[in-house]
Asks: 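My questions all concern the structure below.
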2 protein chains.
Amino acid sequence: MKGKPTFHQIKGLFTEYKLTPQRKAVLEVFLENKDEHLSAEEVLRLSQEKNSDIGFATVYRALDLFEELDIIHKMNFGDGKSRYELNQMEREHHHHHLVCLSCHEIIEVKDDLLSRLETNIAQEHNFDITDHRLQFYGYCYKCRDHKETT
Amino acid sequence: MKGKPTFHQIKGLFTEYKLTPQRKAVLEVFLENKDEHLSAEEVLRLSQEKNSDIGFATVYRALDLFEELDIIHKMNFGDGKSRYELNQMEREHHHHHLVCLSCHEIIEVKDDLLSRLETNIAQEHNFDITDHRLQFYGYCYKCRDHKETT
DNA sequence: GTCGCTGCAAAGCTTTTGCATTAGA
DNA sequence: TCTAATGCAAAAGCTTTGCAGCGAC
């Protein structure tokens, strides 16, 4: 469980904003789905299972707020909707995504061999890098096998 | 100019599809803006400057077709609209993007130190990688300097 | 009582689709 | 001629916004 923030760690961030029941529900959804890449719709549905009184507008407003507080971050895998993921709080937080072009499964890669590359690029381009996103596209073993045997 | 496809190279791909004036206009727009990351709206505007008779539907349909023919590819930098870029045709075609969080400039990085990482990850996860996208987020030197001096 | 948060519904964007018309080979 | 491509406008997502009401402090 190392590298994953807890509810109480995050709660401390809410000094100038209220941690309302709706926001709490959204937060819990992320904490209980740490390895998912949730769409706004999924966040709404899962939040409603906890707290029947929440609508799309509130979900989107909570997502905006949480992104600003660096609790989550927004991603895009090219399916027309934004997806959101809990931020890891440790230094070794980087991970990448394998996106299967056939079954659309998204697999996480824990590796972070990118730090050296990042340092090089930052120096060369005189650019302060604060974050990166890396997606690999291709075919997972299931889809590849299926293609080969048919 | 190495590594950039020419009009005649691409024209050869149109064996089963018609290279209509509209598609030709869109294609030329990409060839004349090789280092841009154009939105559909920009493609429409630039195409209209060449050929007054083209609408949004045709632009989107051309973009879909060109993506399928691997002439361009779709990207997303998180501003709510898809952006399109001409594909390079050589092997050494990979490049990455530095996205400035302050002025939103997008800088290209030609480097491709990712191949070894890609090989490792493909083996480890039993995944056929066909492509990758890498974005670095941070602050370009202009914005950084501006922040430091204010 | 005040100020921020919420829900609803409407509006705003980008992108897709249906259909009648046009045009290329 | 015959099929594919186009334009227009409508529709279909996803996301944002306006506003009145509600609730926490």
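Below, chains carry the letters A, B, ... as their sequence lines are ordered, and counting in each starts from 1. When reading the values below, keep in mind they use all heavy atoms of this one structure, side chains included, and skip hydrogens, waters and symmetry mates.
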Asks: Do the side-chain N and O atoms of E118(B) and H132(B) include a donor-acceptor pair separated by under 3.5 angstrom?
Replies: yes
Asks: What is the distance, rounded to the nearest whole Å, between atom CG of L38(B) and atom P of dT15(C)?
Replies: 13 Å
Asks: Can you check the L19(A) CG to dG23(D) C1' distance for me, whole Å?
Replies: 15 Å
Asks: Can you check the L44(B) CG to dT14(C) P distance for me, whole Å?
Replies: 12 Å
Asks: CG of L27(A) versus P of dC5(C): gap in Å, rounded?
Replies: 15 Å
Asks: Taking the minimum atom-to-atom distance to the side chain of D64(B), which one of dA5(D), dT16(C), dT14(C) wins?
Replies: dT16(C)
Asks: Report the distance from atom CD1 of I54(B) to atom P of dA5(D), rounded to the nearest whole Å.
Replies: 14 Å
Asks: Does R61(A) get its side chain close enough to the base of dG4(C), under 3.5 Å, for a donor-acceptor pair?
Replies: no
Asks: Quick one about H97(A) and Q135(A) (side-chain donor to acceptor, distance below 3.5 Å, no hydrogens or angles considered), yes or no?
Replies: no
Asks: Run the side-chain contact (heavy atoms from CB on, under 4.5 Å) test on R133(A) and H73(A) for me, step by step, so that the C-alpha distance in whole Å, both residues' side-chain angles and the decisive distance to 0.1 Å come before the verdict.
Replies: CA-CA 11 Å; R133(A) 300 288 144 75; H73(A) 66 255; 3.7 Å; yes
Asks: Of the options dT17(C), dG23(D), dG24(C), whose atoms approach the side-chain atoms of A57(B) most closely?
Replies: dT17(C)
Asks: If you find the nucleotide of DNA chain C closest to G55(A) and the one closest to Y84(B), which residue's nucleotide is nearer the 5' end?
Replies: G55(A)
Asks: In sequence, state the C-alpha distance, the side-chain angles, and the governing distance for L38(A) and E85(A), and then conclude on side-chain contact (heavy atoms from CB on, under 4.5 Å).
Replies: CA-CA 7 Å; L38(A) 302 168; E85(A) 185 187 52; over 6 Å; no
Asks: Please state whether the phosphate of dA24(D), meaning OP1 or OP2, lies under 4.0 angstrom from any side-chain nitrogen or oxygen of T20(A).
Replies: no
Asks: dC14(D) phosphate, OP1 or OP2: any side-chain N/O from K81(A) under 4.0 angstrom?
Replies: yes
Asks: Under 4.0 Å from OP1 or OP2 of dT15(C): is there any side-chain N or O of Y60(B) that close?
Replies: yes
Asks: Tell me the interatomic distance from F77(B), atom CZ, to dT14(C), atom C1', rounded to whole angstroms.
Replies: 17 Å
Asks: Could you tell me the separation between the OH atom of Y17(B) and the P atom of dA5(D), rounded to a whole number of Å?
Replies: 8 Å
Asks: Starting at atom CD of Q22(A), determine the distance to atom C1' of dG23(D), rounded to an integer number of angstrom.
Replies: 10 Å
Asks: Please compare P21(B) and F56(A) by the position of their nearest nucleotide in DNA chain C and report the one closer to 5'.
Replies: F56(A)
Asks: Quick one, F30(A) with V43(A), criterion side-chain contact (heavy atoms from CB on, under 4.5 Å). Give me CA distance, side-chain angles, the key distance, then yes/no.
Replies: CA-CA 8 Å; F30(A) 279 104; V43(A) 173; 3.8 Å; yes
Asks: Remember a base hit wins even if backbone is also touched, and classify S82(A) as base, sugar-phosphate or nothing at under 4.0 Å, heavy atoms.
Replies: sugar-phosphate
